[in-house]
Amino acid sequence: MLKVALVYPELLGTYGDGGNAVVLVERARRRGVDAEVLRVGIDDDMPDASIFLLGGGEDGPQRLGADLLRASSFSARVGDGAYVVAVCAGLQLLGHSFAVEGDDEYDGLGLVDALTRRGERRAVGELVVEVEGHALVGFENHGGRTTLGDSLAPLGTVRRGVGNDGAVDGFTTSRIWASYAHGPLLAMNPWFADVVLERVLEVSLEPLATTADLLYAERTRTLID
Ligand code: GLN
C-alpha cells in the first residue's frame with residue numbers, strides 16, 4: 001500500500017497543492033498499486049507514510065506549520081527513509097531558516113542546507129524549469145529567495161520566472177524533491193509525478209496517456225529547445 005501523507009493542508013494548501021496527493025495516488029492506482037491519501041491535520045500525529053507532501057502557504061500559516069513540524073516526528077520519519085515533495089513554503093521550511101513578516105530568520109527544520117531571505121520584490125507569474133531535459137511548468141508567488149549550500153543540488157535550471165534566485169529552482173536529494181512551482185506541480189507535470197513514483201515504489205513505470213499527459217505534451221512542445 002502506497003501511503004501519501006498530505007501534511008497540514010489547512011495551513012499549507014492555499015494554492016491547491018493538495019492536488020499533488022490526488023495525482024500520486026491516482027497514477028499509482030492506474031498501475032495496479034494500492035494507494036491512499038492520509039490527510040494530516042494540525043491536531044493529528046504524523047502518520048507512517050511512504051511520502052509526505054508539503055504545499056505552499058502564506059507567511060503566518062507557514063510559520064505555524066514549521067513550528068508544528070518541528071514538534072512532530074516528521075524529521076525522524078524522513079531520517080528513517082520517507083520521501084518528501086515540497087512546494088514553495090514547504091520548500092523554504094525544510095532549510096535552516098526563512099523570512100516571514102516581522103522576522104527575517106525564522107527557524108526551519110534544517111533538513112537541508114538551504115537558506116531563504118526576503119527578495120526585493122515578490123516573484124509572481126509563470127515558472128518554467130528545465131529538469132533533466134524536461135520542462136517543469138507551473139506558477140510561482142513568493143517573497144523569499146533561496147540560497148543552496150554547495151552540496152545541495154538544485155532541482156533544475158530556470159528558463160522563465162524566478163524560482164530560488166532567477167537561475168535555479170528548488171533542490172533535490174535522494175529523498176526530497178522541492179520546487180517553487182504550484183499548479184499543482186504534479187498535475188501540471190505528469191512525467192515528474194512518475195519520477196517520484198518510480199523512486200518511491202522502486203519500479204519502472206510505463207507512461208500513461210491520460211488527458212493530463214496529453215495536455216502537458218501540447219502545452220510544452222515549444223518551451224525548451
Ligand atoms: N510565504 C512564502 C513566501 O512568500 C511562501 C509563499 C508560497 O508558498 N507561495 O515566500
Side-chain angles (χ1 to χ4, degrees), residues 5-24 39-42 51-70 74 84-129 131 136-149 152 154-156 158 160-172 176-189 192 196:
L6 180 60
V7 180
Y8 308 148
E10 64 271 67
L11 299 177
L12 303 174
T14 333
Y15 302 91
D17 299 317
N20 290 329
V22 178
V23 171
L24 282 181
R39 185 186 186 284
V40 188
I42 56 174
I51 179 157
F52 291 86
L53 304 186
L54 302 175
E58 303 303 332
D59 284 6
Q62 176 178 356
R63 186 168 31 203
L64 177 56
D67 292 346
L68 291 171
L69 281 168
R70 205 176 304 105
F74 175 78
V84 180
V85 173
V87 174
C88 204
L91 170 161
Q92 295 179 0
L93 59 76
L94 292 177
H96 300 299
S97 72
F98 55 88
V100 284
E101 281 158 14
D103 196 340
D104 273 338
E105 288 186 34
Y106 203 79
D107 275 354
L109 301 181
L111 281 176
V112 295
D113 187 10
L115 199 65
T116 299
R117 298 267 198 237
R118 204 179 306 274
E120 272 185 21
R121 68 170 65 109
R122 228 176 148 72
V124 182
E126 297 292 325
L127 179 62
V128 180
V129 183
V131 181
L136 185 130
V137 296
F139 73 92
E140 60 185 335
N141 183 351
H142 54 100
R145 297 293 183 277
T146 301
T147 308
L148 308 182
L152 183 59
L155 182 63
V158 171
R160 189 177 305 174
V162 177
N164 293 0
D165 56 1
V168 296
D169 177 59
F171 49 80
T172 182
I176 301 174
W177 298 267
S179 170
Y180 268 104
H182 300 284
L185 172 69
L186 301 183
M188 293 283 280
N189 302 281
F192 189 60
V196 171

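All residue numbers in this chain count up from 1 along the given sequence. Atoms within each ligand, like the ligands themselves, are counted from 1 in listed order.
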Completion exercise
Going by the 4.0 angstrom heavy-atom rule, the piece of Arg122 near ligand 1 is side chain

Handout entry: Where ligand 1 meets Gly143 - atom numbers and elements under 4.0 angstrom, heavy-atom basis
Key = 3 (C), 4 (O), 10 (O)

Problem - Interatomic distance, Leu185 atom CG to Asp17 atom CG [nearest 0.5 angstrom] - result: 8.0 Å

Handout entry: ligand 1 versus Tyr15: contacting region, heavy-atom distance under 4.0 Å
Key = side chain

Practice task
Find all atoms of ligand 1 within a distance of less than 4.0 Å from any non-hydrogen atom belonging to Gly56, and give their numbers and elements.
Solution key: 8 (O)

Completion exercise
Rounded to the nearest 0.5 angstrom, the NE2-CE distance for His182 and Met188 is 12.0 Å

Exercise for the section: Answer yes or no: does an N/O atom from His142 fall short of 3.5 Å to an N/O atom of ligand 1? Expected result: no

Handout entry: Sub-4.0 Å heavy-atom approach of Arg118 to ligand 1
Key = no

Exercise for the section: Please confirm whether His182 comes under 4.0 Å of ligand 1, counting heavy atoms of the residue only. Expected result: yes

Handout entry: N/O donor-acceptor pair under 3.5 Å between Arg160 side chain and Gly125 backbone
Key = no

Problem - Side chain, backbone, both or neither: Gln62 near ligand 1, heavy atoms under 4.0 Å - result: side chain

Fill in the blank from the handout: Taken to the nearest 0.5 Å, the spacing of Gln92 CD from Arg117 CZ works out to 12.5 Å

Practice task
Check whether any side-chain heavy atom of Tyr180 sits under 4.5 Å from a side-chain heavy atom of Leu91, and report yes or no.
Solution key: yes

